Amino acid sequence: MASSTALSLSWSSSPCWSYSFNGAANETLKLSERKFNFEVVAQKKAKKLRKVILKEDVTDLGKQGQLLDVKAGFFRNFLLPTGKAQLMTPLLLKELKIEDERIEAEKQRVKEEAQQLAMIFETVGAFKVKRKGGKGKLIFGTVTAQDLVDIIKAQLQRDIDKRIVSIPEIREIGEYIAELKLHPDVTARVKLNVFAN
(Lines give C-alpha, C1' and ligand atoms only; values in the text may rest on other atoms or scores of the structure.)
Protein backbone atom coordinates (compact mmCIF):
# COMPACT_ATOMS: atom_id res chain seq x y z
CA MET A 1 0.00 0.00 0.00
CA ALA A 2 1.29 3.40 -0.92
CA SER A 3 2.19 5.77 1.77
CA SER A 4 -0.40 8.52 2.29
CA THR A 5 0.15 11.78 4.02
CA ALA A 6 -1.29 12.27 7.46
CA LEU A 7 -2.69 15.60 8.53
CA SER A 8 -1.93 16.75 12.01
CA LEU A 9 -3.60 19.93 13.33
CA SER A 10 -2.65 21.39 16.62
CA TRP A 11 -4.20 24.31 18.48
CA SER A 12 -1.71 26.60 19.99
CA SER A 13 -1.99 29.74 22.01
CA SER A 14 -0.99 31.69 18.93
CA PRO A 15 -3.85 32.86 16.72
CA CYS A 16 -2.95 30.68 13.76
CA TRP A 17 -3.30 26.95 13.08
CA SER A 18 -0.20 24.94 12.62
CA TYR A 19 -0.23 22.22 10.05
CA SER A 20 2.21 19.36 9.96
CA PHE A 21 2.27 16.63 7.38
CA ASN A 22 4.04 13.37 7.97
CA GLY A 23 4.19 10.23 6.00
CA ALA A 24 2.42 7.95 8.50
CA ALA A 25 -0.10 5.51 7.12
CA ASN A 26 -2.93 6.70 9.37
CA GLU A 27 -4.56 10.14 9.13
CA THR A 28 -4.95 11.69 12.53
CA LEU A 29 -6.39 14.93 13.74
CA LYS A 30 -5.05 16.13 17.05
CA LEU A 31 -6.33 19.10 18.99
CA SER A 32 -4.91 20.28 22.23
CA GLU A 33 -6.55 19.40 25.46
CA ARG A 34 -8.40 22.73 25.67
CA LYS A 35 -12.08 22.68 24.90
CA PHE A 36 -13.80 25.69 23.42
CA ASN A 37 -17.50 26.34 23.52
CA PHE A 38 -18.79 28.28 20.55
CA GLU A 39 -22.22 29.74 20.79
CA VAL A 40 -24.00 30.88 17.65
CA VAL A 41 -26.73 33.41 18.16
CA ALA A 42 -29.29 33.53 15.38
CA GLN A 43 -30.16 36.98 14.15
CA LYS A 44 -33.09 38.14 12.09
CA LYS A 45 -32.38 39.02 8.53
CA ALA A 46 -31.50 42.70 8.39
CA LYS A 47 -33.97 44.78 6.44
CA LYS A 48 -32.31 46.70 3.68
CA LEU A 49 -33.63 50.24 3.82
CA ARG A 50 -32.59 53.31 1.89
CA LYS A 51 -32.97 56.92 2.98
CA VAL A 52 -34.53 58.85 0.11
CA ILE A 53 -35.96 62.28 -0.62
CA LEU A 54 -39.14 62.39 -2.67
CA LYS A 55 -38.92 64.60 -5.75
CA GLU A 56 -42.70 64.59 -6.20
CA ASP A 57 -45.81 63.45 -4.33
CA VAL A 58 -46.23 59.67 -4.23
CA THR A 59 -49.61 58.28 -3.21
CA ASP A 60 -49.58 56.20 -0.02
CA LEU A 61 -45.94 57.18 0.60
CA GLY A 62 -45.39 60.89 1.11
CA LYS A 63 -45.18 64.41 -0.22
CA GLN A 64 -42.49 66.17 -2.22
CA GLY A 65 -39.34 67.00 -0.24
CA GLN A 66 -40.12 64.47 2.49
CA LEU A 67 -37.28 62.34 3.90
CA LEU A 68 -38.24 58.65 4.12
CA ASP A 69 -36.82 55.19 4.74
CA VAL A 70 -37.96 52.82 1.97
CA LYS A 71 -37.01 49.27 1.11
CA ALA A 72 -34.07 48.96 -1.24
CA GLY A 73 -36.02 47.01 -3.85
CA PHE A 74 -38.86 49.53 -3.92
CA PHE A 75 -36.38 52.33 -4.45
CA ARG A 76 -34.37 50.44 -7.05
CA ASN A 77 -37.33 49.09 -9.04
CA PHE A 78 -39.91 51.88 -8.80
CA LEU A 79 -38.84 55.18 -7.29
CA LEU A 80 -35.48 55.57 -9.03
CA PRO A 81 -36.54 54.59 -12.60
CA THR A 82 -39.62 56.82 -12.49
CA GLY A 83 -37.58 59.71 -11.06
CA LYS A 84 -39.83 60.10 -8.02
CA ALA A 85 -37.06 59.86 -5.42
CA GLN A 86 -33.38 60.43 -4.93
CA LEU A 87 -30.93 58.77 -2.55
CA MET A 88 -30.12 60.85 0.49
CA THR A 89 -26.65 62.34 0.57
CA PRO A 90 -25.17 64.77 3.08
CA LEU A 91 -25.20 67.51 0.43
CA LEU A 92 -28.89 66.91 -0.30
CA LEU A 93 -29.66 66.91 3.43
CA LYS A 94 -27.95 70.28 3.78
CA GLU A 95 -29.89 71.68 0.79
CA LEU A 96 -33.14 70.31 2.24
CA LYS A 97 -32.48 72.03 5.58
CA ILE A 98 -31.71 75.33 3.83
CA GLU A 99 -34.91 75.05 1.78
CA ASP A 100 -36.96 74.23 4.91
CA GLU A 101 -35.50 77.27 6.70
CA ARG A 102 -36.35 79.49 3.72
CA ILE A 103 -39.93 78.18 3.61
CA GLU A 104 -40.32 78.68 7.38
CA ALA A 105 -39.01 82.25 7.10
CA GLU A 106 -41.49 82.96 4.29
CA LYS A 107 -44.37 81.53 6.34
CA GLN A 108 -43.34 83.64 9.32
CA ARG A 109 -43.17 86.77 7.15
CA VAL A 110 -46.66 86.14 5.74
CA LYS A 111 -48.01 85.57 9.27
CA GLU A 112 -46.47 88.82 10.54
CA GLU A 113 -47.99 90.75 7.62
CA ALA A 114 -51.39 89.24 8.40
CA GLN A 115 -51.02 90.23 12.07
CA GLN A 116 -50.17 93.81 11.10
CA LEU A 117 -53.17 93.95 8.77
CA ALA A 118 -55.41 92.55 11.51
CA MET A 119 -54.20 95.25 13.89
CA ILE A 120 -55.01 97.90 11.28
CA PHE A 121 -58.54 96.54 10.84
CA GLU A 122 -59.20 96.36 14.57
CA THR A 123 -57.92 99.88 15.28
CA VAL A 124 -59.96 101.52 12.51
CA GLY A 125 -63.15 101.29 14.48
CA ALA A 126 -66.53 100.51 12.98
CA PHE A 127 -67.27 100.50 9.27
CA LYS A 128 -70.55 102.28 8.46
CA VAL A 129 -73.01 100.60 6.11
CA LYS A 130 -76.09 102.43 4.77
CA ARG A 131 -79.15 100.52 3.66
CA LYS A 132 -82.66 101.50 2.68
CA GLY A 133 -84.85 101.20 5.76
CA GLY A 134 -88.06 99.26 6.08
CA LYS A 135 -90.57 98.88 8.91
CA GLY A 136 -89.08 99.31 12.34
CA LYS A 137 -85.46 98.12 12.47
CA LEU A 138 -85.67 96.08 9.27
CA ILE A 139 -83.64 96.96 6.17
CA PHE A 140 -84.26 96.05 2.56
CA GLY A 141 -81.83 93.34 1.45
CA THR A 142 -78.85 92.14 3.45
CA VAL A 143 -75.26 93.21 4.01
CA THR A 144 -72.98 90.79 2.17
CA ALA A 145 -69.28 90.01 2.28
CA GLN A 146 -68.83 91.88 -1.01
CA ASP A 147 -70.32 95.02 0.59
CA LEU A 148 -67.74 94.83 3.39
CA VAL A 149 -64.91 94.28 0.87
CA ASP A 150 -66.03 97.37 -1.10
CA ILE A 151 -66.13 99.50 2.08
CA ILE A 152 -62.65 98.35 3.15
CA LYS A 153 -61.28 99.12 -0.31
CA ALA A 154 -62.87 102.59 -0.28
CA GLN A 155 -61.72 103.52 3.24
CA LEU A 156 -58.35 101.75 3.62
CA GLN A 157 -57.30 101.13 0.00
CA ARG A 158 -56.76 97.43 0.79
CA ASP A 159 -57.83 94.64 -1.53
CA ILE A 160 -59.43 91.79 0.40
CA ASP A 161 -60.81 88.58 -1.05
CA LYS A 162 -64.48 88.18 -0.18
CA ARG A 163 -63.96 84.46 0.50
CA ILE A 164 -62.03 85.25 3.69
CA VAL A 165 -64.88 87.35 5.07
CA SER A 166 -67.26 85.66 7.51
CA ILE A 167 -70.26 87.86 8.16
CA PRO A 168 -73.43 87.10 10.14
CA GLU A 169 -76.82 87.41 8.48
CA ILE A 170 -77.70 91.08 8.71
CA ARG A 171 -81.33 92.09 8.12
CA GLU A 172 -81.76 94.76 10.80
CA ILE A 173 -80.19 98.02 11.86
CA GLY A 174 -77.52 97.62 14.53
CA GLU A 175 -73.91 96.81 15.30
CA TYR A 176 -72.41 93.54 14.08
CA ILE A 177 -69.02 91.88 14.12
CA ALA A 178 -67.50 90.33 11.01
CA GLU A 179 -64.40 88.13 10.89
CA LEU A 180 -61.64 88.28 8.31
CA LYS A 181 -59.52 85.12 8.16
CA LEU A 182 -56.27 86.68 6.96
CA HIS A 183 -54.09 83.66 7.77
CA PRO A 184 -54.79 80.19 9.21
CA ASP A 185 -53.57 81.53 12.59
CA VAL A 186 -54.71 85.16 12.30
CA THR A 187 -58.32 86.33 12.34
CA ALA A 188 -59.29 90.00 12.43
CA ARG A 189 -62.61 91.07 13.95
CA VAL A 190 -64.16 94.23 12.51
CA LYS A 191 -67.27 96.11 13.61
CA LEU A 192 -70.08 97.02 11.24
CA ASN A 193 -72.60 99.73 12.02
CA VAL A 194 -75.67 99.23 9.87
CA PHE A 195 -78.10 102.12 9.70
CA ALA A 196 -81.02 103.13 7.48
CA ASN A 197 -81.16 106.11 5.11
Side-chain angles (χ1 to χ4, degrees), residues 49-71 74-75 78-79 82-86 88 91-197:
L49 297 176
R50 300 284 182 259
K51 282 197 177 296
V52 297
I53 296 177
L54 295 179
K55 290 183 180 178
E56 58 186 69
D57 293 352
V58 179
T59 52
D60 299 331
L61 189 61
K63 300 215 177 264
Q64 179 179 358
Q66 193 173 357
L67 178 65
L68 298 170
D69 287 329
V70 296
K71 291 189 177 179
F74 182 60
F75 172 72
F78 176 68
L79 295 175
T82 57
K84 294 185 178 197
Q86 189 174 9
M88 176 52 99
L91 181 63
L92 277 175
L93 185 62
K94 186 176 180 182
E95 289 176 5
L96 185 66
K97 285 182 181 178
I98 291 171
E99 183 68 18
D100 285 345
E101 289 172 1
R102 186 189 64 77
I103 290 171
E104 280 298 317
E106 180 68 19
K107 285 181 182 178
Q108 187 65 28
R109 186 188 63 79
V110 168
K111 184 177 179 181
E112 287 173 2
E113 285 179 6
Q115 287 173 339
Q116 289 175 353
L117 193 58
M119 188 177 291
I120 290 170
F121 285 137
E122 291 174 357
T123 57
V124 165
F127 292 103
K128 295 178 182 176
V129 181
K130 291 182 183 179
R131 285 290 180 259
K132 187 175 178 183
K135 292 182 180 179
K137 288 185 165 185
L138 295 177
I139 58 173
F140 287 107
T142 64
V143 178
T144 63
Q146 185 62 48
D147 294 331
L148 180 58
V149 168
D150 293 340
I151 293 168
I152 290 172
K153 187 170 184 178
Q155 290 184 6
L156 300 176
Q157 290 78 34
R158 299 277 182 169
D159 287 326
I160 301 292
D161 187 6
K162 70 176 184 177
R163 292 176 288 187
I164 67 168
V165 177
S166 173
I167 197 166
E169 188 174 324
I170 301 173
R171 295 189 181 271
E172 295 181 349
I173 297 170
E175 190 173 293
Y176 298 91
I177 294 179
E179 292 185 349
L180 304 172
K181 189 134 178 103
L182 302 171
H183 186 270
D185 298 334
V186 180
T187 302
R189 297 168 61 92
V190 295
K191 292 180 182 177
L192 290 173
N193 281 335
V194 180
F195 58 93
N197 287 353

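Only this structure's heavy atoms are used, side chains among them; waters, hydrogens and symmetry mates stay out. The structure presented is a predicted model; accordingly, all values stated were derived computationally and were not measured.
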- Message: Go through it in stages, so that I can follow the logic: the residues are Leu54 and Leu68, the test is side-chain contact (heavy atoms from CB on, under 4.5 Å), and I'd like the CA-CA distance, side-chain angles, deciding distance and then a yes or no.
- Response: CA-CA 8 Å; Leu54 295 179; Leu68 298 170; 3.5 Å; yes
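- We find that Lys153 and Asp159 are joined by a salt bridge, their nearest charged nitrogen and carboxylate oxygen being less than 4.0 Å apart.
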- Pair Arg109-Glu112, salt bridge (Lys or Arg N to Asp or Glu O under 4.0 Å): steps then yes or no: CA-CA 5 Å; Arg109 186 188 63 79; Glu112 287 173 2; over 6 Å; no
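- To the nearest 0.5 Å, atoms OH (Tyr176) and CG (Asn193) are separated by 10.5 Å.
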- Please test Lys111 against Asp185 for salt bridge (Lys or Arg N to Asp or Glu O under 4.0 Å), starting from the C-alpha separation and ending with a verdict. CA-CA 8 Å; Lys111 184 177 179 181; Asp185 298 334; 3.7 Å; yes
- Message: Under the criterion side-chain contact (heavy atoms from CB on, under 4.5 Å), I'd like the reasoning laid out for Leu92 against Gln86: C-alpha separation, chi angles, the key distance, then a yes or no.
- Response: CA-CA 9 Å; Leu92 277 175; Gln86 189 174 9; 3.6 Å; yes
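- Under a 3.5 Å cut-off, the side chain of Asp57 and the backbone N or O of Gln64 do form a donor-acceptor pair.
- Ala145 and Ile167 make their closest contact through N-CG2, 4.1 Å (heavy atoms, listed as atom of the first residue, atom of the second, distance).
- Distance check, rounded to the nearest 0.5 Å: OG1 of Thr187 to CD of Glu179 gives 6.0 Å.
- Here the closest non-hydrogen pair linking Pro168 and Ala178 is CD-CA, 4.5 Å.
- Asp69 places none of its side-chain heavy atoms less than 4.5 Å from the side chain of Val52.
- The side-chain heavy atoms of Val149 and Val165, taken from C-beta on, include a pair separated by under 4.5 Å.
- Taken from CZ in Phe195 to CZ in Arg131, the straight-line distance is 10.5 Å, to the nearest 0.5 Å.
- Asp150 places no side-chain N or O within 3.5 Å of a backbone atom of Asp147 that could act as its donor or acceptor partner.
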- Please test Val110 against His183 for side-chain contact (heavy atoms from CB on, under 4.5 Å), starting from the C-alpha separation and ending with a verdict. CA-CA 8 Å; Val110 168; His183 186 270; 3.9 Å; yes
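- No donor-acceptor distance shorter than 3.5 angstrom exists from the side chain of Gln66 to the backbone of Ile53, with no hydrogens or angles considered.
- Ile170 contributes atom CD1, which lies 11.0 Å from atom CD of Glu175 (distance to the nearest 0.5 angstrom).
- Atom NZ of Lys191 has 12 or fewer heavy atoms from other residues, nucleotides or ligands within 6.0 Å.
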- Could you walk me through whether Arg171 and Glu169 pass the salt bridge (Lys or Arg N to Asp or Glu O under 4.0 Å) check? CA-CA 7 Å; Arg171 295 189 181 271; Glu169 188 174 324; 2.7 Å; yes
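- Tested against Gln146, the residues Thr144, Leu148, Val143 include a single side chain to side chain contact (heavy atoms under 4.5 Å, CB included) partner, Thr144.
- No side-chain heavy atom of Phe75 sits under 4.5 Å from any side-chain heavy atom of Leu49.
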- Before giving the answer on side-chain contact (heavy atoms from CB on, under 4.5 Å), spell out for Leu67 and Met88 the whole-Å C-alpha distance, their side-chain angles and the decisive distance to 0.1 Å. CA-CA 8 Å; Leu67 178 65; Met88 176 52 99; 3.0 Å; yes
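- In this structure, CG in Asp161 is found 11.0 Å from CG in Leu182, a value given to the nearest 0.5 Å.
- For the pair Lys84/Phe78, a side-chain contact is recorded, criterion being any heavy-atom separation below 4.5 Å from C-beta on.
- The distance from atom CD1 of Ile152 to atom CG of Leu180, rounded to the nearest 0.5 Å, is 5.0 Å.
- Across all non-hydrogen atoms, the minimal contact from Arg102 to Glu99 is NH2-OE2, 2.6 Å.
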